[in-house]
Novice: 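First, the structure itself, so that you have it in front of you.
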Amino acid sequence: RSADLPSGSYEARTVAGGGSQPRVLIRYYRAVDAFRALGQVLTAARTAELAADSSSDRALRAPDFVISEKAQFETLALMIDCSRNGVLSVQSVYAMLRNMALMGFNMLQLYTEDTYKVAGEPFFGYLRGGYTQDELRAIDDYAFSVGIEVVPCIQTLGHLGQILQWPRFAGLRDTNEVILSRLPETYELLEKLIATVSAPLRSKRIHIGMDEAYGVGEGRFRSMFGAQEGTAIFVEHLARVHAICAKSGLRAMIWSDMLFCLAAKNNALYAYYDQSNNPADALSKVEGIPPDVDLVFWDYYHTLPEIYARKIQQHRDLGCASPWMAGGAWTWSRLWCYLPFSFESNRASLTAAKSPQGRVASFMLTIWGDEGNECDFFSALPVMLYAGNHAYTDRTEIDPAFMENTFSAICGGSLGDWMHASRIDDIPQDAAHMDARSQLPSNMSKWLLWEDPMLSFMSPQYAALDLETHYTQVADRLLDCALSSTNSGRSAVPGRPNSVRYPLNRLLRMPGLLARVLSLKCHLRDKLIAPYRAGDRAALLQVVETRLRPLIEAQRELWLYHRSRWHRIYKPFGWETLELRYGGLTARLQTMYDRLVAYSLQQPGSTLRRSRAIGVAAGISRHPALLPQRSRNPSKSGDIGQGLLGVSASEVPDLLLGESSLPAGGVPPGPSMSTDEGSGLSVGAVPAWLPVTMPDADLAVVGKASSPPGEMPVTTVSLGWP
């Protein structure tokens, strides 16, 4: 550590070592700057390894290698949502902290509405997987060791529906989401929450939330205290919570949106971002905001720096000398972070935050998990890196080659491939004729995945697009990258070697499996309607078997991988919400399959009662140890220990782990089967031992079987549907 360096600065240079190899000496002021320097040394080594020549000033070479940077912000924070089902495990928080340190972040906020344990309050965060005091203390210790401050981030007004739903807290309810202000019991609870969440942490700062408290004063508050102006209620409540924080020596910060929305008497985000809406007049009529409360201006939507700069100035007009700026990594309401718009919007907010007009001392990047936290938060790593690189330069643009090298060196992924994963939410280029009603990024993959397959009410909106080709190409590339952990020769930087290993590319399996499901699901209804309307039952059956059946199997593999990934990075609580979605989709696809097969084969509806779930994987859905010892395979001679795959039950665990090959005649693993993540088997061909018998019909069939005398002739079709 060098006290002569300015705060936020570091210098890394090669010096002569004791042996033949030079050393890299890092001089730094803050601990986090030393880790940022280490990340840049790793980047320089990667640059030297990959560059066609060594002329880059970022390449690590002796004896004249020197890198120095200065942080543009006193605080570069990351906020992670741990309240929308997904509570990061302690080990996952450690992994985030390591990446944060190498990128230059010096603050972590875990957004916890009710996901922390409170003594004597069993219904606070009931069945939500909240952090214990020991877990928070361990996180704080780990963060401190890499120069990062952990600040509690909670709610003290709105977004408290998870606790207010319980009878224990019913008396504290203003509305379903907003706690009842002015009630003494409310502040007794809030004081207990603030004391609990701050106790295991070193920081003397706290984020007390108060955003999106829509309807404040409009519920039970009005019936108890009468109709009052919303801004006055808000400021009074803020003053009382601020006093609780001050008593504990904590400096508070809040989200600023309600000050603008209440002043405009409009709960829409438009009121927050309206350039003409300045709540200074409304606040002049009340006592005002405590001067030591920091306002956090959050805006994840605009792409022009001047919009952010003007709104930052409005925050100063409210008496906040140094407001915070918060941008967002687009992880909410989707299954994979949308990188292009995340880069574009954060470029604008970071540029404004560094400009003379909008200069702020603190920038926060947020990772939200709205609508069930379907997204893998680690898919936001490129956005974190982008913010980190922006925070250590006064430039407005970040060199793409530099981004590629830092992402490869620090995170272990290929940025070009990760950018390609965002195409699951891209509308194909030939869709320019579509009516773009919003400038915001699409989350097409989410609604296309969950929409009802039989009704398919969204299909008219994309009928003119070739989504099948689009998603097939995306799936092929991502699954190839995930399995090979290389960049597959598709680097974002021209001239990049093809043999580079990218271990983090294995996470691209999630968007790859999703794209494969969507390639089969899109246009499915259209492909079924044509033969149905034409009365061509054989053609309808062909579509069912070649399109719907593979979709069911692909959807199952997506569910298994998503389940495995969830339990790897989050606590188990919350997964039930997503599993119910997968279960609903599975049931609808199975019903669709059964009814269409029964219709195509002209079988009575009663045959649906004998339907069995599709897929070899469905046949071993129980734990291998619980599989029946006697064979269910009618083609076998009753060998003890023969399972549905035609192998002994003792071999099944190895098969599930991908550690053994199937015997001759078994079902081969599909192209996306991997030994990593334990997603289960990918189903290949329909097993020949699972026949369907039916009355002879005028259909294209696999073959005819002889019938005993006096019995109806039967036809056998290998459908996997009994």
Side-chain angles (χ1 to χ4, degrees), residues 112-114 118 120-121 123-125 152-198 206-248 250-267 271-272 279-296 318-320:
T112 50
E113 294 172 357
D114 66 325
V118 179
E121 298 291 351
F123 281 97
F124 184 89
C153 183
I154 63 173
Q155 286 290 356
T156 56
L157 183 58
H159 285 297
L160 290 175
Q162 286 288 344
I163 70 165
L164 295 177
Q165 66 179 316
W166 301 112
R168 161 68 180 88
F169 302 105
L172 306 182
R173 186 186 303 152
D174 183 1
T175 69
N176 288 339
E177 288 288 330
V178 179
I179 202 166
L180 183 59
S181 60
R182 198 174 292 178
L183 194 71
E185 292 83 355
T186 292
Y187 300 100
E188 291 173 7
L189 175 65
L190 293 181
E191 184 168 7
K192 190 174 186 179
L193 301 185
I194 291 170
T196 297
V197 76
S198 61
I206 185 171
H207 198 316
I208 55 176
M210 296 196 181
D211 62 308
E212 297 178 336
Y214 304 137
V216 59
E218 299 296 326
R220 293 181 62 240
F221 182 96
R222 173 173 289 192
S223 65
M224 295 175 66
F225 304 109
Q228 299 183 27
E229 205 277 325
T231 299
I233 299 172
F234 183 90
V235 172
E236 176 191 333
H237 181 73
L238 172 59
R240 296 192 64 169
V241 179
H242 167 261
I244 294 172
C245 296
K247 187 169 66 173
S248 300
L250 300 172
R251 182 182 179 95
M253 65 182 77
I254 65 169
W255 307 108
S256 66
D257 55 296
M258 287 307 296
L259 294 170
F260 291 80
C261 292
L262 289 170
K265 294 179 170 39
N266 187 341
N267 286 335
Y272 188 25
D281 292 339
L283 286 173
S284 66
K285 302 174 185 177
V286 296
E287 186 174 342
I289 303 171
D292 58 344
V293 171
D294 296 324
L295 300 181
V296 183
L318 299 179
C320 182

Novice: Identify the heavy atoms of Arg220 and Ser223 that sit nearest to each other, and give their distance.
Specialist: O-OG, 2.8 Å
Novice: In Å and rounded to the nearest 0.5 Å, what is the CD1 to CG distance from Ile254 to Leu238?
Specialist: 5.0 Å
Novice: Mark yes or no for whether Asp174, through its side chain, and Gly219, through its backbone, hold a donor-acceptor pair below 3.5 Å.
Specialist: yes
Novice: Any non-hydrogen side-chain atom of Ile233 less than 4.5 Å from a side-chain atom of Ser181?
Specialist: yes
Novice: My understanding is that only residues two or more places apart in sequence, or in another chain, count here; which of them pass ring pair (Phe, Tyr, Trp, His ring centres under 6.0 Å) with Phe124?
Specialist: Tyr116
Novice: Do you know the tightest heavy-atom contact between Ile163 and Gly125?
Specialist: CG2-N, 4.3 Å
Novice: For Cys245 and Ile194, work out which heavy atoms get closest and say how close.
Specialist: SG-CD1, 3.9 Å
Novice: Within 45° of the six-membered ring axis of Tyr187 and under 6.0 Å from that ring's centre, is NZ or CZ of Arg240 located there?
Specialist: yes
Novice: Measure the shortest side-chain to side-chain distance between Asp211 and Val296 over non-hydrogen atoms and say whether it is less than 4.5 angstrom.
Specialist: no
Novice: Do the non-hydrogen side-chain atoms of Leu262 and Pro279 ever get within less than 4.5 Å of each other?
Specialist: no
Novice: Is a donor on one side and an acceptor on the other found under 3.5 Å between the side chain of Thr156 and the backbone of Ile208?
Specialist: yes
Novice: Any side-chain heavy atom of Tyr214 sitting closer than 4.5 Å to one from Thr175?
Specialist: no
Novice: Taking all atoms of both residues into account, what is the closest heavy-atom pair of Gln228 and Phe225, and its distance?
Specialist: NE2-O, 3.2 Å
Novice: If you round to the nearest 0.5 Å, how far is CD of Glu188 from CD1 of Ile244?
Specialist: 9.5 Å
Novice: State, yes or no, whether a side-chain contact exists between His237 and Leu190 at a heavy-atom distance under 4.5 Å.
Specialist: yes
Novice: Hey, does Glu121 have a side-chain heavy atom less than 4.5 Å from the side chain of Lys192?
Specialist: yes
Novice: List the steps and the verdict of side chain to side chain contact (heavy atoms under 4.5 Å, CB included) for Ile206 and Val197.
Specialist: CA-CA 9 Å; Ile206 185 171; Val197 76; 4.2 Å; yes
Novice: Just wondering, do Met210 and Met258 contact through their side chains at under 4.5 Å, heavy atoms?
Specialist: no
Novice: Would you confirm whether Asp114, through its side chain, and Leu160, through its main-chain N or O, come within 3.5 Å as a donor-acceptor pair?
Specialist: no
Novice: Restricting to non-hydrogen atoms, name the atom on Ile179 and the atom on Leu172 that form the minimum distance, rounded to 0.1 Å.
Specialist: CG1-O, 3.3 Å
Novice: Just by distance, do the side chain of Asn266 and the backbone of Cys261 share a donor-acceptor pair under 3.5 Å?
Specialist: no
Novice: Hey, are Asn176 and Gln165 close enough side-chain-wise for a donor-acceptor pair under 3.5 Å?
Specialist: no
Novice: Under 4.5 Å between any side-chain heavy atoms of Asp292 and His242, yes or no?
Specialist: yes
Novice: Rounded to the nearest 0.5 Å, what separates atom CG in Leu183 from atom CG in Leu189?
Specialist: 10.5 Å
Novice: Under the side chain to side chain contact (heavy atoms under 4.5 Å, CB included) rule, what do Phe221 and Val216 come out as? Steps first, then yes or no, please.
Specialist: CA-CA 8 Å; Phe221 182 96; Val216 59; over 6 Å; no
Novice: Starting at OG1 of Thr196, measure out to CD of Glu191 and round the result to the nearest 0.5 Å.
Specialist: 10.5 Å
Novice: Can you see which heavy atom on Ala195 is nearest to which on Ser198, and at what distance?
Specialist: O-OG, 3.5 Å
Novice: Are Glu229 and Lys265 ion-paired here, with the side-chain N under 4.0 Å from a carboxylate O?
Specialist: yes
Novice: At what distance, to the nearest 0.5 angstrom, does CD of Glu212 lie from CD of Gln155?
Specialist: 8.5 Å
Novice: Would the distance check show the side chain of Ser256 and the main-chain N or O of Leu295 forming a donor-acceptor pair, the cut-off being under 3.5 Å?
Specialist: no
